[in-house]
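Throughout, a chain's letter reflects where its sequence line sits, starting with A, and its residues are numbered from 1. What you see is a predicted model, and the numbers here were worked out from it, not measured in a lab.
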Amino acid sequence: MEAAEICGRPPDWANAVVDIASSARMGVSFMPDDSGYRSGGGVTVRTRFAPSPTGYLHIGGVRTALFNWLFARRHGGSFILRIDDTDRQRNVSEALQPILDGFRWLGLDWDEGPEVGGPHAPYFQSQRQARHAAAVERLLAGGHAYRDYATTAEIQAEREAAQRDKRRFIYSRRWMAATPAEQQAFEAEGRRAVVRLKMPREGVCAFNDQVRGPVEFDWVLEQDHVVQRADGTCLYHLASAVDDHDFGITHVIRAVEHLSNTPRQVFIARALGYDVPAYAHLPYVAEPGSAEKLSKRKVGRYLQHPDFRKLHEHGAGILAALGAAPPEAECNPLLVEFYRAVGYRPEALLNYLLLLGWSLDDRTEMFTVAEMIERFSLDRVNRSAASFDAPKLLAFEERYMQRLPAADKVAAVVPFLQRRGLLPAAPSEEDLRRVARVVAAAGERIKVAGDIVGYAEFFQPDDGFPYDEKAFRKRIAADGAAARLTRFRAALETVEPYDAEALDGAMHRFVEAEDVPIGRIIHAVRVAVTGKAVGFGLFDGLEILGRDACLARIDRALEALRRSEALEA
RNA sequence: GUCCCCAUCGUCCAGAGGCCUAGGAUUCAGCCCUUUCAAGGCUGAGACACGGGUUCGAAUCCCGUUGGGGACGCCA
């Protein structure tokens, strides 16, 4: 067969610029009313996120999902969840659950997809194989694909030969069955066919990326990708292009790693006579302190980065305090589960993720979800990778916590106290009042809801909390400390009313009478009453605990001191 | 190796030829306040990767260099 004949001419559409949404990019504004994306104006926006059921919701994936979701919501369109499960047969539902839970926790609702169904069901790729296979048949019939009888070894040999001669590898199509006769001949040899795309070998594939602008790829550089295996199962790119079309996806918003896969999807779509969707390739999220793509398998390495480690340790501390060994996913700050388990505000995570690659201007940082939807646009998406910055995420979390109304803060914190066994499943009014008072006193010290476990002593019996040993030695076992504490205890008995203000006054009168710096008594009281060296305002703490508890706790501390002295003697 | 992409404070962003002596946030440092603190207040440090053009004028446009990253599967 002649080379010219083998290669053929590229289909006439191959060089067409695919640009259904260019007007939006060129336009000054990108409002729903003039974009033509609304029903009535033409196309209704439909975006999708297509996770594979791995059991985890990765932070980078969520960012992509968020942008898809925002774009759909912004334009009054639909956001679809499609499950790319062609690869795994086992336990799909089990591996999917954490992902769906993560979406729900974040408030990213999907209009069509698993559990909610929709007009284009099924939404599991593995259940759409008949459609994929039918598409392959059409590709074959249209001459855009061919049956190839080469073995992997034969292809590999060609590839290596090309490398040896330092030329680009272009498949010879030697085992392509162009006619039924050739097909029979190959099969008589016992060969089995895969279906390959018959890619154009001249011209360029040009399209207008919604975040990167015009992009071009030479068709020659594209290989004759396999779209269907010998066993009849179809490969991802074929399935993806077909499903996107079936679902009426108008905008494919995904990570840049798919940019170089786009030509073959464009080829498939055009060959099948589809409208090609608009593409938007997002920069990927990079690892802390580097430009490399974030990978959930490298957590160990990221843990060596101080900022990332701090984020992790903070969360791990909370999880450890909650008891029972947490599932692995909850210990990994690369996964959404971590933030939920530790008690982050979902809005804070969303806000942080939004600004990782997108901005409105040079100063607006806080966005409610409604504001995000209102202001989001693809043309303000950044083109370069952004690395995951743990301190910044924590800063957002702090701000959201600070702004949270007191009642919501209490509600956020209660489940953590319950899990720690510090609060009954059905807390009484009085229980909740105490929680509210501790939360108020702790103020900005509670950055994530789980931080409440750091104030466990306010919910434990007077003899049921441990002492920070070092603090105990320094503040209570010190010379004269016990005697002073005993005298202060006496003062506490008569303070009236027993509130922070009066306690403050009593303390100051005490140190004046004793003629000692305030630090000599205040720390001793704190250790005696809370067991800790640090905490929120001492007088608030004394008030919350109440007189009886304070006296009992001081007695217990003095008793503990006597016992340890006796032991040493 | 081939192709593609990216390039402003440590980090995340702003900057569409003169509003730039480059702005905000975070981080860091110092100071203040304070009974402690991963608390609060104030002040400060800190960047246009490099080299050529174009232009009266360039962080901004063009070319090159360097650096970084990604894609090159009968994976998704």
Side-chain angles (χ1 to χ4, degrees), chain A residues 50-54 84-88 125 148 150-152 155-156 159 162-163 166-169 192-196 209 212 215-218 220-223 225-231 233-237 239-240 255-263 281 283-284 286 288-293 306-307 310 314 352 355-366 380 382-396 398-399 442-445 447 451 454 471 475 504 507-508 511 517-527 530 532-539:
Chain A
S52 37
T54 54
D84 282 4
D85 61 344
T86 47
D87 209 26
R88 41 188 69 233
Q125 210 157 56
D148 181 54
T151 62
T152 337
I155 294 287
Q156 188 55 31
R159 197 170 259 136
Q163 211 162 49
K166 293 196 195 307
R167 60 187 162 75
R168 211 162 15 227
F169 165 62
R192 301 247 286 150
V194 298
V195 177
R196 286 183 186 276
D209 191 282
R212 312 190 156 248
V215 186
E216 277 189 15
F217 291 90
D218 285 332
V220 227
L221 267 17
E222 288 294 317
Q223 298 303 321
H225 305 284
V226 174
V227 288
Q228 188 176 43
R229 299 182 182 95
D231 68 1
T233 56
C234 293
L235 267 5
Y236 170 76
H237 292 287
S240 190
V256 245
E257 59 214 78
H258 285 288
L259 183 58
S260 49
N261 298 327
T262 307
H281 288 96
Y284 51 85
S290 131
E292 247 176 272
K293 189 169 76 174
D307 290 341
K310 203 166 137 192
H314 171 224
Y352 170 72
L355 263 23
L356 206 56
W358 180 89
S359 67
L360 176 66
D361 54 31
D362 65 337
R363 54 201 64 222
T364 318
E365 291 220 302
M366 300 289 279
R380 287 202 62 86
N382 230 69
R383 272 170 288 277
S384 46
S387 62
F388 181 80
D389 186 20
K392 188 120 187 184
L393 169 54
L394 234 198
F396 271 105
E398 278 182 58
R399 291 192 223 166
E444 294 170 6
R445 288 170 171 82
K447 299 179 194 308
D451 282 332
R475 324 270 27 171
D504 196 338
M507 170 76 76
H508 280 91
V511 295
I518 197 166
R520 300 292 277 277
I521 178 65
I522 206 157
H523 298 295
V525 175
R526 183 192 297 283
V527 174
T530 69
K532 292 178 179 158
V534 297
F536 52 73
L538 177 66
F539 305 113

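- A/Phe388 and A/Tyr352 have perpendicular rings, their planes meeting at more than 60° on a 0 to 90° scale where under 30° would count as parallel.
- A/Arg229 places no side-chain N or O within 3.5 Å of a backbone atom of A/Leu235 that could act as its donor or acceptor partner.
- Contacts of A/Asp231 with the nucleic acid, taken as non-hydrogen atoms under 4.0 Å apart, are absent.
- The phosphate of B/C12 has OP1 or OP2 within less than 4.0 Å of a side-chain N or O from A/Ser387.
- Residue contacts for A/His281: at a heavy-atom cut-off of 4.0 Å it reaches no nucleic acid atom on any strand shown.
- Taken from CG in A/Asp307 to CG in A/Leu394, the straight-line distance is 10.0 Å, to the nearest 0.5 Å.
- A donor-acceptor distance shorter than 3.5 angstrom exists from the side chain of A/Asp209 to the backbone of A/His281, with no hydrogens or angles considered.
- Ring planes of A/His237 and A/His258: perpendicular class, angle over 60° (limits at 30 and 60°).
- Using a 4.0 Å heavy-atom cutoff across all strands shown, A/Arg475 reaches no nucleic acid atom at all.
- In this structure, CG of A/Leu356 is placed 7 Å from C1' of B/C12, rounded to the nearest angstrom.
- Comparing the same atom, P, in B/G23 and in B/C33 gives a spacing of 31 Å after rounding to whole Å.
- Contact of the A/Met507 side chain with the A/Ile518 side chain is registered, since non-hydrogen atoms from C-beta on lie closer than 4.5 Å.
- When atom types are taken as modelled, the side chain of A/Lys532 and the backbone of A/Gly454 share a donor-acceptor pair closer than 3.5 angstrom.
- Using P as the reference atom, B/C50 and B/U34 are 47 Å apart when rounded to the nearest Å.
- Both A/Arg196 and A/Phe388 lie close to RNA chain B; mapped to their nearest nucleotides by heavy-atom distance, the more 5′-ward contact belongs to A/Phe388.
- For the pair A/Phe169 CZ and B/C3 C1', the interatomic distance rounds to 15 Å; values are reported in whole Å.
- A distance-only check finds no donor-acceptor pair linking the side chain of A/Gln125 to the backbone of A/Tyr236 [under 3.5 Å].
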Measure all distances between protein nitrogen or oxygen atoms and nitrogen or oxygen atoms of nucleotides 41-46 of chain B, and list the pairs falling under 3.5 Å.
none

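- Nucleic acid contact class of A/Lys447 (heavy atoms, under 4.0 Å, all strands): sugar-phosphate only.
- Here CD of A/Gln228 is found 13.0 Å from CZ of A/Arg196. Values are rounded to the nearest 0.5 Å.
- Straight-line distance between the P atoms of B/U65 and B/G1: roughly 15 Å, to the nearest whole Å.
- Judged by distance alone, with hydrogens and angles left aside, the side-chain atoms of A/Asp218 form no donor-acceptor pair with the main-chain N or O of A/Val220 at under 3.5 Å.
- Not one side-chain nitrogen or oxygen of A/Arg399 sits closer than 4.0 Å to the OP1 or OP2 atom of B/A25.
- For the OP1/OP2 pair of B/A7 and a distance below 4.0 Å, the side-chain nitrogens and oxygens of A/Asn382 include no atom meeting the criterion.
- At a cut-off of 3.5 angstrom, counting only N and O atoms as typed in the model, there is no donor on one side facing an acceptor on the other between the side-chain of A/His258 and the base of B/A71.
- Look at CG on A/Leu355: it is 9 Å from P on B/A14, rounded to the nearest Å.
- Both distances falling under 3.5 Å, in either a Watson-Crick or a G-U wobble arrangement, occur for no nucleotide opposite B/C37.
- Remark: A/Arg212 is not in phosphate contact with B/G70, judged by side-chain N or O atoms under 4.0 Å from OP1 or OP2.
- Look at CG on A/Asp389: it is 14 Å from P on B/C9, rounded to the nearest Å.
- Under the Watson-Crick or G-U wobble criterion, with both distances below 3.5 Å, B/A49 is paired with B/U65.
- Whole-Å rounding puts the A/Lys392 NZ to B/U26 C1' distance at 5 Å.
- When heavy atoms are screened at a 4.0 angstrom cut-off, A/Asp361 is found touching the sugar-phosphate backbone but no base atom.
- Residue-level contact check: A/Ala150 touches the bases, meaning some heavy atom is under 4.0 Å from a base atom.
- Rounded to a whole Å, the CD atom of A/Glu222 is 18 Å from the P atom of B/U2.
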Going 5' to 3' through nucleotides 28-37 of chain B, assign each nucleotide B (protein heavy atom under 4.0 Å from a base atom), S (under 4.0 Å only from sugar-phosphate atoms) or - (no protein heavy atom that close). -------BBB
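- Here, B/G44 and B/A22 have their P atoms 14 Å apart, quoted to the whole Å.
- Here A/Ser260 does not reach the OP1 or OP2 of B/C72: none of its side-chain N or O atoms lies under 4.0 Å away.
- Rounded to the nearest Å, the gap between the C1' atom of B/C61 and that of B/C72 is 32 Å.
- For the 3.5 Å distance criterion, the side chains of A/Arg526 and A/Thr530 fail to qualify, holding no donor opposite an acceptor.
- Pairing of B/G57, defined by two Watson-Crick or G-U wobble distances under 3.5 Å, is not identified with any nucleotide.
- The separation of B/G68 from B/G52, taken at their C1' atoms, amounts to 22 Å, rounded to a whole angstrom.
- Checking side-chain atoms of A/Arg380 against main-chain N and O of A/Trp358 turns up no donor-acceptor pair under 3.5 Å.
- If you take CG of A/Asp209 and P of B/G70, they are 18 Å apart, rounded to a whole angstrom.
- Contacts of A/Arg192 with the nucleic acid, taken as non-hydrogen atoms under 4.0 Å apart, are absent.
- Backbone-only contact: A/Glu292 has heavy atoms under 4.0 Å from sugar-phosphate atoms and none from a base.
- Of the C1' atoms belonging to B/C12 and B/G46, the separation is 15 Å, rounded to the nearest Å.
- If you take CZ of A/Arg229 and P of B/G73, they are 14 Å apart, rounded to a whole angstrom.
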